[in-house]
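Let me begin by presenting the structure, written as structure tokens, before commenting on it.
The first residue in the sequence is number 1, and the count goes up from there. Quantities reported herein were computed from a predicted structural model and do not represent experimental measurements.
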Amino acid sequence: MLAFSGNAKNFFKKSLQIWRASDHRAIRRNVVFDLGMNKGEDSAFYLRKGFNVVAVEANPMISRRNSESFSLYAERGQLTILNIGIWSEEKELLFYANLDNDHWSSFDPSYGCRDGTRFETTQVPCVRVETLFERFGTPHYMKIDVEGADRLILSDMRTLTARPAFVSVEEYGVLCIDDLHALGYDRFQIVPQSARLKAQYTPPMPAREGVYVPASFNGNDSGLFGHELPQDKWRSFTDIRADFLSGVRGEDHVYKGPEGEWFDVHATTAKILNAGS
């Protein structure tokens, strides 16, 4: 397992000398990136389904706890935990670790210090998202939930020669759909994240991603992904944008969804859905 402190840049520089000599445009069907691991609810689901997971968690305290609780997966080479941030350049940034709600921890103080909650600060090394792709290859699925840097990651993905078959991002307004579409994705789903509405999503049997594992989802995890999302709910760019504006947020960013609800947006392509792989 790889747990990073101040030596992240040195590790990546050495490893990239090897990986840049290879062609990583092909999607690695058994790999998932969990960008925003938090306490590991999503990573645990992906691991149980048999995927190899590269998990990024910028909060040093949570990353250390995860290194202990997921040690068996790491020891057998199925999990890599990176205590780093994802940013537009390789540098150290001040990280705001929220002590009252660790889901709000962020490099952006408007997230990490919101509502007058308690927080601590620490310096955390950051790398660009393309560095992860060069080091670990192109994942089958990438979950993005990194408070305040979601759009930055999608923007930097435009330089990549290959992109994940499936990607999800915590919505930050209708621009998240526009940004995903700019990357070449043309099929989308809006997935509720509260336990109340997410209860309708259960893993299909037989499995359509990895192996079947029974699971129920709550407000602390992201839920199903990829081919296991309801097949009849994939929508075109035009349709999903209209759905978003009428049911989640308007162009003015005013929230229109149910009280207490929040959403992830998943994206893929019609070609991938039709191929079933």
Verify same cluster id: Y255, V265 (apolar side-chain graph, 4.5 Å):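 In one cluster with Y255: V265, yes.
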Out of curiosity, does L197 fall in the hydrophobic cluster containing L229 (side-chain heavy atoms, cut-off under 4.5 Å, transitive links)?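 No, no single cluster joins them.
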Inspect the surroundings of NZ in K256 and state if more than 12 heavy atoms from other residues, nucleotides or ligands are less than 6.0 Å away.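 For K256, atom NZ is crowded (more than 12 foreign heavy atoms under 6.0 Å).
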Which heavy atom of A207 sits nearest a heavy atom of G210, and at what distance?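 Smallest interatomic distance, heavy atoms only, reads CB-O, 3.6 Å.
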Any donor-acceptor pair under 3.5 Å from [X] side chain to [Y] backbone:
{"X": "K143", "Y": "F33", "answer": "no"}
{"X": "D42", "Y": "S222", "answer": "yes"}
{"X": "E57", "Y": "I84", "answer": "no"}
{"X": "R48", "Y": "S43", "answer": "no"}
{"X": "Q189", "Y": "P230", "answer": "yes"}
{"X": "K198", "Y": "F217", "answer": "no"}
{"X": "D239", "Y": "R235", "answer": "no"}
{"X": "N83", "Y": "A58", "answer": "yes"}
{"X": "T121", "Y": "L94", "answer": "no"}
{"X": "S63", "Y": "N59", "answer": "no"}

Does the separation of the ring centres of F237 and Y185 fall below 6.0 angstrom?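 Here the rings of Y185 and F237 have centres that are no less than 6.0 Å from each other.
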So that I know where these two stand, are F225 and F51 an aromatic pair - ring centroids less than 6.0 Å apart? yes
For a side-chain contact (heavy atoms from CB on, under 4.5 Å) with L35, tell me which candidate from V169, D150, L132, L82 qualifies.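 In the set V169, D150, L132, L82, the residue that makes a side-chain contact (heavy atoms from CB on, under 4.5 Å) with L35 is L132.
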Should [X] and [Y] count as an ion pair when the cut-off is N to O under 4.0 Å?
{"X": "K271", "Y": "D186", "answer": "no"}
{"X": "R29", "Y": "E209", "answer": "yes"}
{"X": "R249", "Y": "E171", "answer": "yes"}

Who else is in the cluster with Y212 when I, L, V, M, F, W and Y are joined by side-chain contacts under 4.5 Å?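 Grouped by the 4.5 Å side-chain rule, M205 form the rest of the cluster around Y212.
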Using 30° and 60° as the class boundaries, would you call the ring planes of Y141 and H266 parallel, tilted or perpendicular? parallel
For L152, check side chain to side chain contact (heavy atoms under 4.5 Å, CB included) against everything at least two apart and list the hits. W87, S88, D156
Do we see a donor-acceptor contact under 3.5 Å between the side chains of D179 and Y172? yes
